[in-house]
S.K.: 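This is the structure I have questions about; it appears just below.
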Amino acid sequence: MSDEEYLRKEIDSVGQQAAKRIDPGTGALTIAIAVLALLVSLVLPWVGEKTGLSVVLGESETFLPRVFSFLALGIGVLGSGITLAVRRWTLTWVCSLGLFAGAVTGVLSIWTQQTTTSNKTIGPGPGIGLIIAVLAVIVLLVKWVKIAASRPPQL
């Protein structure tokens, strides 16, 4: 193998490695602020007087806010942190899809807290923490989709 062929193969491999990585740019700051908002929302009320931490730990009997809390913490906090650290393009799509499911579940969580129950009593209402968490998940969703869609798939 000549030096020219070796150099061409090395350049191609470097190009393929670069195609698998992302550069979030200034969006990383927005993602970090949204993750911080998610973490702060855990100490605020989510369902009635129950805090977000209580919902995560299972002290609330409501199903959708609990599922939303797992998606928000798992994908929103942990997934975003790992994706920013590793900077892999495929992880941005995983975060985008997971946060889409989280956003839908979060909006449904707010809705179910506002509707009546089977015995015609009004629900406890969403707390400010749940609303902040849903807004933070929506912000994360928008940022990760923008980052993921900014680069065509190259393998």
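Just so we're clear, the structure is a prediction, and the values are computed from it rather than from any experiment.
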S.K.: Specify the closest pair of heavy atoms between G102 and V137, including all atoms of both residues, with the distance to one decimal.
M.R.: C-CG1, 4.0 Å
S.K.: Identify the heavy atoms of G27 and K143 that sit nearest to each other, and give their distance.
M.R.: CA-CE, 3.8 Å
S.K.: Show me the pairs that pass side-chain hydrogen bond (donor to acceptor under 3.5 Å, both in side chains) and involve residues 28-45, at least two apart or across chains.
M.R.: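 Matches after skipping sequence neighbours: none remain.
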S.K.: With sequence neighbours left out, write down each residue that passes ring-ring contact (aromatic ring centres under 6.0 Å, His included) with W144, or none if nothing qualifies.
M.R.: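 Partners of W144 by the ring-ring contact (aromatic ring centres under 6.0 Å, His included) criterion come out as none, since no residue qualifies.
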S.K.: Can you sort out the partners of V86 under side-chain contact (heavy atoms from CB on, under 4.5 Å), two or more places apart, ordered by chain and number?
M.R.: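 If we apply the side-chain contact (heavy atoms from CB on, under 4.5 Å) test to V86, skipping adjacent residues, the hits are I82, R88, L91.
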S.K.: For residues L135 and L130: do they belong to one hydrophobic cluster (side chain heavy atoms under 4.5 Å, members Ile, Leu, Val, Met, Phe, Trp, Tyr)?
M.R.: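 Same cluster: L135 reaches L130 through Ile, Leu, Val, Met, Phe, Trp or Tyr contacts under 4.5 Å.
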S.K.: Evaluate I147 against I31 for side-chain contact (heavy atoms from CB on, under 4.5 Å), listing each step before the verdict.
M.R.: CA-CA 11 Å; I147 292 170; I31 291 169; 3.9 Å; yes
S.K.: Listed by chain and number, what are the side-chain contact (heavy atoms from CB on, under 4.5 Å) partners of A32, not counting sequence neighbours?
M.R.: none
S.K.: Keeping to residues at least two apart or across chains, list the ring pair (Phe, Tyr, Trp, His ring centres under 6.0 Å) pairs with something in residues 49-77.
M.R.: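 Checked against ring pair (Phe, Tyr, Trp, His ring centres under 6.0 Å) - neighbours excluded - the pairs reaching residues 49-77 are W46-F68.
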S.K.: Can you name the residues that form a side-chain hydrogen bond (donor to acceptor under 3.5 Å, both in side chains) with S96, not counting sequence neighbours?
M.R.: none
S.K.: For P24 versus R87, what's the shortest heavy-atom pair and its separation?
M.R.: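 That closest heavy-atom pairing would be CD-NH1, 2.8 Å.
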S.K.: Spell out, yes or no, whether V77 and L53 are grouped together once hydrophobic residues are joined by side-chain heavy atoms under 4.5 Å, including indirect joins.
M.R.: no
S.K.: Would L140 and V35 count as a side-chain contact (heavy atoms from CB on, under 4.5 Å) if you check the C-alpha gap in whole Å, the side-chain angles of each, and the deciding distance to 0.1 Å?
M.R.: CA-CA 8 Å; L140 284 171; V35 168; 4.2 Å; yes
S.K.: Go through the structure and list residues passing side-chain contact (heavy atoms from CB on, under 4.5 Å) with L64, not counting sequence neighbours.
M.R.: T105, L108, S109, T112
S.K.: If Ile, Leu, Val, Met, Phe, Trp and Tyr residues are connected whenever their side-chain heavy atoms lie under 4.5 Å apart, and connections chain through other members, are V107 and L38 in the same group?
M.R.: yes
S.K.: Measuring from L39:CG to L73:CG, what's the distance to the nearest 0.5 Å?
M.R.: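 The CG atom of L39 sits 7.0 Å away from the CG atom of L73.
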S.K.: What pair of heavy atoms forms the shortest contact from A34 to V139, and how long is it?
M.R.: CB-CG1, 4.1 Å
S.K.: Which heavy-atom pair separates Q113 from P126 by the least distance, and what is that distance?
M.R.: CB-N, 3.6 Å
S.K.: Minimum heavy-atom separation for V55 to K50, with atom names?
M.R.: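 Nearest heavy atoms, V55 then K50: CG2-CB, 4.5 Å.
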S.K.: Just checking, is any N or O donor in the side chain of T51 or S54 under 3.5 Å from an acceptor N or O on the other one?
M.R.: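 Yes, a side-chain donor-acceptor pair sits under 3.5 Å.
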S.K.: Taking side-chain contact (heavy atoms from CB on, under 4.5 Å) as the test, write out the residues that go with I128, two or more places apart.
M.R.: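 Residues passing side-chain contact (heavy atoms from CB on, under 4.5 Å) with I128: L44, P45, I132.
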S.K.: Give a yes or no on whether L71 and L99 share a hydrophobic cluster (residues Ile, Leu, Val, Met, Phe, Trp, Tyr; joining criterion: side-chain heavy atoms under 4.5 Å apart).
M.R.: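 Cluster IDs for L71 and L99 match.
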S.K.: Does L29 sit in a hydrophobic cluster with other residues, and if so which ones, taking ILVMFWY side chains as linked at heavy-atom separations under 4.5 Å, directly or through other members?
M.R.: I33
S.K.: If you group Ile, Leu, Val, Met, Phe, Trp and Tyr by side-chain heavy-atom gaps below 4.5 Å, do V67 and I138 land in one group?
M.R.: yes
